[in-house]
Amino acid sequence: TPALGAALATSIDFGNGAVTDLFGAAFTPTLTNGTNVASSSHLRAVAIRVNDVVAVGHAISVTPNANGLNTVVDSTLPYASAMTNAADLIGAGGCFISTSFVGIRAVGETTGDLARFNFTSNGTGAHTLFIIYLYRIL
(Lines give C-alpha, C1' and ligand atoms only; values in the text may rest on other atoms or scores of the structure.)
Protein backbone atom coordinates (compact mmCIF):
# COMPACT_ATOMS: atom_id res chain seq x y z
CA THR A 1 0.00 0.00 0.00
CA PRO A 2 1.57 3.30 -1.03
CA ALA A 3 1.93 6.01 1.57
CA LEU A 4 1.64 9.74 0.99
CA GLY A 5 5.03 11.20 0.32
CA ALA A 6 6.44 7.86 -0.87
CA ALA A 7 9.01 7.86 -3.68
CA LEU A 8 7.80 7.63 -7.27
CA ALA A 9 8.09 4.28 -9.03
CA THR A 10 10.82 4.08 -11.67
CA SER A 11 9.17 1.21 -13.56
CA ILE A 12 5.92 -0.73 -13.79
CA ASP A 13 5.86 -4.50 -14.36
CA PHE A 14 2.62 -6.30 -15.22
CA GLY A 15 4.32 -9.68 -15.56
CA ASN A 16 5.51 -9.33 -19.15
CA GLY A 17 8.48 -7.05 -18.58
CA ALA A 18 8.89 -3.64 -17.04
CA VAL A 19 7.71 -0.40 -18.55
CA THR A 20 10.69 1.80 -17.79
CA ASP A 21 10.03 4.76 -20.09
CA LEU A 22 6.64 6.43 -19.81
CA PHE A 23 6.32 9.99 -21.06
CA GLY A 24 3.39 12.13 -22.13
CA ALA A 25 3.35 15.74 -23.23
CA ALA A 26 2.09 18.30 -25.68
CA PHE A 27 4.48 19.15 -28.50
CA THR A 28 4.66 21.60 -31.39
CA PRO A 29 5.48 19.89 -34.69
CA THR A 30 6.77 21.57 -37.81
CA LEU A 31 4.44 21.12 -40.79
CA THR A 32 5.57 20.93 -44.41
CA ASN A 33 3.03 21.65 -47.14
CA GLY A 34 3.02 19.02 -49.86
CA THR A 35 0.64 18.37 -52.74
CA ASN A 36 -2.38 20.70 -53.15
CA VAL A 37 -1.76 22.77 -49.98
CA ALA A 38 -2.08 26.57 -49.91
CA SER A 39 -1.41 26.76 -46.16
CA SER A 40 -1.35 24.66 -43.00
CA SER A 41 -1.08 25.38 -39.29
CA HIS A 42 -0.61 23.41 -36.11
CA LEU A 43 -3.56 23.49 -33.69
CA ARG A 44 -2.71 20.94 -31.00
CA ALA A 45 -0.62 17.80 -30.61
CA VAL A 46 -0.02 15.45 -27.71
CA ALA A 47 2.03 12.30 -27.52
CA ILE A 48 2.51 9.46 -25.10
CA ARG A 49 5.56 7.22 -25.25
CA VAL A 50 5.78 3.82 -23.57
CA ASN A 51 9.24 2.35 -24.07
CA ASP A 52 9.69 2.47 -27.88
CA VAL A 53 6.02 2.89 -28.90
CA VAL A 54 4.58 6.37 -29.44
CA ALA A 55 0.88 7.30 -29.75
CA VAL A 56 0.02 10.77 -31.06
CA GLY A 57 -3.18 12.81 -31.20
CA HIS A 58 -2.85 15.67 -33.63
CA ALA A 59 -5.09 18.51 -34.87
CA ILE A 60 -4.08 20.73 -37.78
CA SER A 61 -5.75 23.16 -40.14
CA VAL A 62 -5.11 22.73 -43.87
CA THR A 63 -6.33 24.96 -46.69
CA PRO A 64 -6.17 23.14 -50.07
CA ASN A 65 -5.46 24.86 -53.39
CA ALA A 66 -8.18 22.94 -55.26
CA ASN A 67 -11.23 20.78 -54.58
CA GLY A 68 -11.32 16.99 -55.02
CA LEU A 69 -7.56 16.39 -55.18
CA ASN A 70 -5.12 14.33 -53.14
CA THR A 71 -3.79 16.65 -50.46
CA VAL A 72 -0.59 15.98 -48.50
CA VAL A 73 0.92 17.53 -45.35
CA ASP A 74 4.00 16.22 -43.50
CA SER A 75 4.66 16.67 -39.78
CA THR A 76 7.71 16.20 -37.61
CA LEU A 77 7.52 13.52 -34.94
CA PRO A 78 7.67 14.07 -31.17
CA TYR A 79 10.44 11.42 -30.89
CA ALA A 80 12.78 10.69 -33.78
CA SER A 81 12.64 7.26 -35.37
CA ALA A 82 14.48 5.62 -38.26
CA MET A 83 11.53 4.54 -40.39
CA THR A 84 12.34 2.57 -43.55
CA ASN A 85 8.77 1.76 -44.62
CA ALA A 86 5.56 3.82 -44.87
CA ALA A 87 3.88 1.21 -42.63
CA ASP A 88 6.33 1.98 -39.79
CA LEU A 89 3.82 4.70 -38.83
CA ILE A 90 0.11 3.95 -39.09
CA GLY A 91 -2.97 5.93 -38.28
CA ALA A 92 -6.16 7.56 -39.45
CA GLY A 93 -8.25 10.61 -38.88
CA GLY A 94 -11.19 12.59 -40.06
CA CYS A 95 -12.51 15.99 -40.95
CA PHE A 96 -16.16 17.03 -41.09
CA ILE A 97 -16.89 19.76 -43.66
CA SER A 98 -20.42 21.00 -44.16
CA THR A 99 -22.35 17.72 -44.56
CA SER A 100 -19.40 15.59 -45.71
CA PHE A 101 -16.88 13.45 -43.86
CA VAL A 102 -13.31 13.35 -45.16
CA GLY A 103 -11.11 10.40 -44.16
CA ILE A 104 -7.40 10.95 -43.52
CA ARG A 105 -4.59 8.41 -43.84
CA ALA A 106 -1.44 8.74 -41.70
CA VAL A 107 1.70 6.90 -42.83
CA GLY A 108 5.44 7.20 -42.36
CA GLU A 109 7.43 9.39 -44.72
CA THR A 110 10.80 7.64 -44.64
CA THR A 111 13.00 10.18 -46.41
CA GLY A 112 12.56 12.79 -43.68
CA ASP A 113 11.39 10.58 -40.78
CA LEU A 114 7.99 12.33 -40.73
CA ALA A 115 4.28 11.61 -40.36
CA ARG A 116 2.50 12.07 -43.70
CA PHE A 117 -1.21 12.91 -43.84
CA ASN A 118 -3.16 12.27 -47.09
CA PHE A 119 -6.77 13.14 -47.82
CA THR A 120 -9.01 14.22 -50.69
CA SER A 121 -9.85 17.90 -50.39
CA ASN A 122 -13.48 18.94 -50.04
CA GLY A 123 -13.44 22.52 -51.26
CA THR A 124 -10.78 25.17 -50.84
CA GLY A 125 -11.70 26.40 -47.37
CA ALA A 126 -9.83 25.48 -44.21
CA HIS A 127 -10.09 21.80 -43.25
CA THR A 128 -9.58 21.00 -39.55
CA LEU A 129 -8.01 17.54 -39.39
CA PHE A 130 -8.09 15.31 -36.31
CA ILE A 131 -5.59 12.44 -36.55
CA ILE A 132 -4.39 9.59 -34.32
CA TYR A 133 -1.28 7.60 -35.22
CA LEU A 134 1.17 5.10 -33.76
CA TYR A 135 4.82 4.34 -34.51
CA ARG A 136 7.87 2.68 -32.99
CA ILE A 137 11.15 4.40 -32.26
CA LEU A 138 13.46 2.27 -34.42
Geometric cation-pi criterion, Arg49 with Tyr79: 6.0 Å, 45°: yes

Pair His58 and Phe117, ring centroids less than 6.0 Å apart: yes

Less than 4.5 Å apart, any side-chain heavy atom of [X] and any of [Y]?
{"X": "Ser40", "Y": "Ile60", "value": "no"}
{"X": "Tyr133", "Y": "Ile90", "value": "no"}
{"X": "Phe27", "Y": "Val56", "value": "yes"}
{"X": "Asn118", "Y": "Ile104", "value": "no"}
{"X": "Phe23", "Y": "Pro78", "value": "no"}

Nearest 0.5 Å please: distance from the [atom1] atom of [X] over to the [atom2] atom of [Y].
{"X": "Met83", "Y": "Leu138", "atom1": "CE", "atom2": "CG", "result": "8.0 Å"}
{"X": "Asn122", "Y": "Cys95", "atom1": "CG", "atom2": "SG", "result": "8.0 Å"}
{"X": "Ile97", "Y": "Thr128", "atom1": "CD1", "atom2": "OG1", "result": "8.0 Å"}
{"X": "Ser61", "Y": "His42", "atom1": "OG", "atom2": "NE2", "result": "12.0 Å"}
{"X": "Ser121", "Y": "His127", "atom1": "OG", "atom2": "NE2", "result": "5.5 Å"}

Non-hydrogen atoms of Thr84 and Thr110 that approach each other most closely: C-CG2, 3.3 Å

Considering all heavy atoms, the nearest Leu89-Ala115 contact: CD1-CB, 3.8 Å

Side-chain donor/acceptor pairs under 3.5 Å, residues 63-71, sequence neighbours excluded:
from	atom 1	to	atom 2	distance (Å)
Asn67	OD1	Gly123	N	2.5
Thr71	OG1	Asn36	ND2	3.0
Thr71	OG1	Leu69	O	3.0

Going only through I, L, V, M, F, W and Y residues with side-chain contacts under 4.5 Å, is there a path from [X] to [Y]?
{"X": "Ile131", "Y": "Val37", "result": "yes"}
{"X": "Val54", "Y": "Leu77", "result": "yes"}
{"X": "Val72", "Y": "Phe119", "result": "no"}

Among Asp113, Leu31, Thr30, side chain to side chain contact (heavy atoms under 4.5 Å, CB included) partner for Thr76: Thr30

Pairs where residues 70-85 contributes a residue and the test salt bridge (Lys or Arg N to Asp or Glu O under 4.0 Å) is met, not counting sequence neighbours: Asp74-Arg116

Salt bridge (Lys or Arg N to Asp or Glu O under 4.0 Å) partners of residues 94-107, not counting sequence neighbours, each pair once: none

